[in-house]
Number of protein chains: 2
Amino acid sequence: MTAKPRLKMADIARMAGVSTSTVSRALAGNTLIPQPLRERIVALALAEGYVVNQQARGLRLQRTQTINVVIPLGHDADQMISDPFFLEMVGRLADEITLRGYEVLLTKVLAPTQGWLDRIIQLNRSDGLLIIGQSNQHQALNAVADAYGPLVVWGGDLPDRRYCTVGVDNVAGARLAVEHLIGLGRRRIAFLGLPEAPEVGLRRQGYLGALEAGGIAVDPALTVPAHFSGEPELEGIQYLLSAGVSLDAVFAASDVIALGAIRALAEAGLRVPEDVSVVGFDDVTVARYSWPPLTTIRQDLGRGAREMVNLLFARINGQATDSVFMAPELVVRQT
Amino acid sequence: MTAKPRLKMADIARMAGVSTSTVSRALAGNTLIPQPLRERIVALALAEGYVVNQQARGLRLQRTQTINVVIPLGHDADQMISDPFFLEMVGRLADEITLRGYEVLLTKVLAPTQGWLDRIIQLNRSDGLLIIGQSNQHQALNAVADAYGPLVVWGGDLPDRRYCTVGVDNVAGARLAVEHLIGLGRRRIAFLGLPEAPEVGLRRQGYLGALEAGGIAVDPALTVPAHFSGEPELEGIQYLLSAGVSLDAVFAASDVIALGAIRALAEAGLRVPEDVSVVGFDDVTVARYSWPPLTTIRQDLGRGAREMVNLLFARINGQATDSVFMAPELVVRQT
DNA sequence: TTGAAAGCGCTAACAC
DNA sequence: GTGTTAGCGCTTTCAA
């Protein structure tokens, strides 16, 4: 293995018998350089496998051609992003960013500490920030948004929000879900999810609103704080069942929680949807693959990612942008 | 929104009444600077929210403190990485890389063209490459590995492989799966997967080997090229069923394909596992959440990611490394 | 049309 | 101990 030294622009310049200025201009497609020479230099670079060093270029130009996708993990103690929703979002964002000729820097912030956002910005590693989920960092986001423009957040519409946000109308989505369950004749509807997470909190608001509108009294025993991912959501339902709480429906704050619940119900000998109806939230890919296929509230991830990236690039160009909250959609499948 | 100018080291130096050299040394924890002064400078930087500009630092130091996670998409026409296996791998790698104080640059290569790997290297955006999946780039990887050290690939053990690889013994895994099915008394075992993908090809080898060892004649009609992700895998099984091919078991090259198959079987009125047994490959998170829970071949993603990152850092430090192929494990659940 | 030279923000060899 | 200075690889102003 002979580590061959990397080429620099000066090498190409020497080979071509011109200065680095000329190479730089030629590679940038500058029409000051006559086309034949330009093409000769471009061909030479290609043949030698030379590409401009982005680190040096970035320092000079004061930009990085990179977007930082950040996942703050304030609630989730476990180190992993295991929720497929986050993972799919990362994939979609990466597609959109790549499409625009930018690179993706992926950052997970395990325990957001004072100044974490400032730090990321000062590091000068990206031209803009895409934050997936507000976690428990609503105030930190507000504080930074006043002084730093190129920032777009995926999340819910919280009061006093001053940062540009893309998301779904969580309250409306939850209402859709619970109204559907009520329409099915269900009355004992459990809510599974950690309400401290902003979006889950909004979904719980929608749940409570729909119950009230349906004339159903809220039973606090039917709310179980389930984690966003991992195994613990199994325990949520198991806890309810072992406590002897009767229920005929479950509204879960995420599809993963819903799938866990279905499994726990099945293990307890309850049939879905005959004995208990279940509705999830997200319409993650696996919701379609589970059996029975999961009824859920669809968030259009593809569109969400596109909106986020569009807004971010607008903001990078100094434009002001509004937030976008998309209408959620009930996808009735078989649970 | 007042875009406040970013601080540079010179600003901190002025505030502290010292030179930038001193600040640089202090921030680096250099003991040449007396501890009180060092602490004063560190405190000042913290108070001002100053962090060293990584772009400038990287140029000077000739390193980026960044690992490039690359996903070559040679087979899959669709732009998305939708297979949860890839997505989970990205998450795990990100965890391991972050743990070591490095950043993650995520790159998807949609249609790998001549010289794509050289280009990534010449871009100088990372200190090492982690390639997820060989796709159809075995030769390109071999070619580059001779001259570029810090490169580790997730994939199968192909002949003539010269690059450092981490993966699972795909042949053994497939054998495990098919032996299990044979042990269940199954004889008409279908194989679902695109054999052009290297790992799938190896899994098919194991499938054929196990059939032979079990004294079962191979029926070519039972091999259906199913895509790695997306909906098309549904069609695979549907095609078989509509063609009137009888089968009593399915070995799928991935869990996603297996889940699609289960759904197609259910829609055709066939019960899993009563009428048809199904075994997947990967043990992706959702394999546990599906109902019935999927029997599958487990690849230890956590360990795999750890091995890849460890090997990569060893190689960054100039060490030679061996490849690692882990023993797969049959996880018997209910299909 | 092309090249020389300055400078992006940082680190470290060298001088004091 | 601390500061001066050179230079990492590039782009672009300025001069020719």
Side-chain angles (χ1 to χ4, degrees), chain A residues 4-42 44-45 48-66 103 119-127, chain B residues 4-42 44-45 48-66 103 119-127:
Chain A
K4 67 178 161 195
R6 298 188 201 180
L7 289 167
K8 51 176 73 172
M9 197 174 274
D11 297 321
I12 302 296
R14 197 175 330 101
M15 293 175 184
V18 296
S19 72
T20 57
S21 319
T22 301
V23 175
S24 174
R25 285 193 263 250
L27 260 24
N30 190 324
T31 50
L32 274 173
I33 311 293
Q35 182 155 349
L37 176 56
R38 223 164 58 208
E39 285 177 354
R40 189 162 70 79
I41 293 175
V42 169
L44 178 63
E48 297 292 332
Y50 172 76
V51 192
V52 173
N53 181 325
Q54 292 302 303
Q55 188 135 244
R57 179 171 208 266
L59 178 59
R60 173 65 232 238
L61 259 30
Q62 297 289 63
R63 45 193 193 68
T64 59
Q65 205 79 305
T66 301
E103 304 269 352
R119 197 174 168 282
I120 287 179
I121 294 167
Q122 287 285 337
L123 241 21
N124 276 278
R125 291 178 134 289
S126 66
D127 300 340
Chain B
K4 67 178 161 196
R6 299 188 202 180
L7 289 167
K8 50 176 74 172
M9 197 175 273
D11 297 324
I12 302 297
R14 196 175 334 101
M15 292 176 184
V18 297
S19 73
T20 57
S21 322
T22 301
V23 175
S24 174
R25 286 193 261 251
L27 259 25
N30 189 324
T31 49
L32 274 174
I33 311 293
Q35 180 154 350
L37 176 55
R38 224 163 58 208
E39 285 177 353
R40 188 162 69 80
I41 293 174
V42 169
L44 178 62
E48 296 291 333
Y50 171 77
V51 191
V52 174
N53 180 326
Q54 293 301 302
Q55 188 135 246
R57 179 171 208 265
L59 179 59
R60 173 67 232 236
L61 259 30
Q62 298 288 64
R63 41 192 196 71
T64 59
Q65 205 78 306
T66 301
E103 304 271 351
R119 195 173 170 282
I120 288 179
I121 294 167
Q122 287 285 337
L123 243 18
N124 275 280
R125 290 178 134 291
S126 66
D127 299 341

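Please read all numbers here as calculations on a predicted model, not as lab measurements.
Among residues two or more places apart in sequence or in another chain, the side-chain hydrogen bond (donor to acceptor under 3.5 Å, both in side chains) test is passed with A:T64 by A:D127. Applying the salt bridge (charged side-chain N to carboxylate O under 4.0 Å, His left out) test to B:R14 and every residue at least two apart in sequence or in another chain returns B:D11. Remark: A:T66 pairs with B:R125 by the side-chain hydrogen bond (donor to acceptor under 3.5 Å, both in side chains) rule, at least two apart or across chains. Applying the side-chain contact (heavy atoms from CB on, under 4.5 Å) criterion to B:A10, with sequence neighbours excluded, gives B:K8, B:T20. Judged as a side-chain hydrogen bond (donor to acceptor under 3.5 Å, both in side chains), and not counting sequence neighbours, the contacts of B:R6 are A:N124. Under the side-chain hydrogen bond (donor to acceptor under 3.5 Å, both in side chains) criterion, B:R63 pairs with B:Q65, sequence neighbours left out.
Where DNA chain C meets chain B (any atom under 4.0 Å from a heavy atom), the bounding nucleotides read 5' to 3' are C:dG9 to C:dA13. Boundaries of the chain A contact region on DNA chain D are D:dG9 to D:dT13, first to last in 5' to 3' order (nucleotide atom under 4.0 Å from a heavy atom).
In the helix from C:dT1-D:dA16 to C:dC16-D:dG1, the rotation axis of the first five pairs and that of the last five pairs differ in direction by 50°, rounded to 10 degrees.
Within residues 16-27 of chain B, the residues that have a heavy atom under 4.0 Å from DNA chain D are, in order of number, B:V18, B:S19, B:S21, B:T22, B:R25.
Nearest-nucleotide positions on DNA chain D place B:P34 closer to the 5' end than the other of B:A56 and B:P34. Closest-nucleotide positions on DNA chain C for B:L59 and A:I33 were compared, and the one nearer the 5' end corresponds to A:I33. Between B:R60 and B:L32, the residue anchored closer to the 5' end of DNA chain D is B:L32, taking for each the nucleotide with the nearest heavy atom.
For the residue pair B:L27 and B:Y50, the shortest heavy atom distance occurs at CD2-CE2, 3.7 Å. When all heavy atoms are compared, the tightest approach of B:M15 to B:L44 is CB-CD2, 3.8 Å. Minimum heavy-atom separation, A:V23 to A:A13: CG2-CA, 3.6 Å.
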If you look only at distance, which donor and acceptor atoms sit under 3.5 Å apart when one is on a side chain in residues 31-39 of chain A and the other is two or more places apart or in another chain?
{"residue": "A:Q35", "atom": "NE2", "partner": "A:E39", "partner atom": "OE2", "Å": "2.9"}
{"residue": "A:R38", "atom": "NH1", "partner": "A:I33", "partner atom": "O", "Å": "3.2"}

Show me the donor-acceptor pairs within less than 3.5 Å that the side chains of residues 53-61 of chain A make with the rest of the protein, sequence neighbours left out.
{"residue": "A:N53", "atom": "OD1", "partner": "A:Q55", "partner atom": "N", "Å": "2.8"}
{"residue": "A:N53", "atom": "OD1", "partner": "A:A56", "partner atom": "N", "Å": "3.2"}
{"residue": "A:Q54", "atom": "NE2", "partner": "A:V52", "partner atom": "O", "Å": "3.2"}

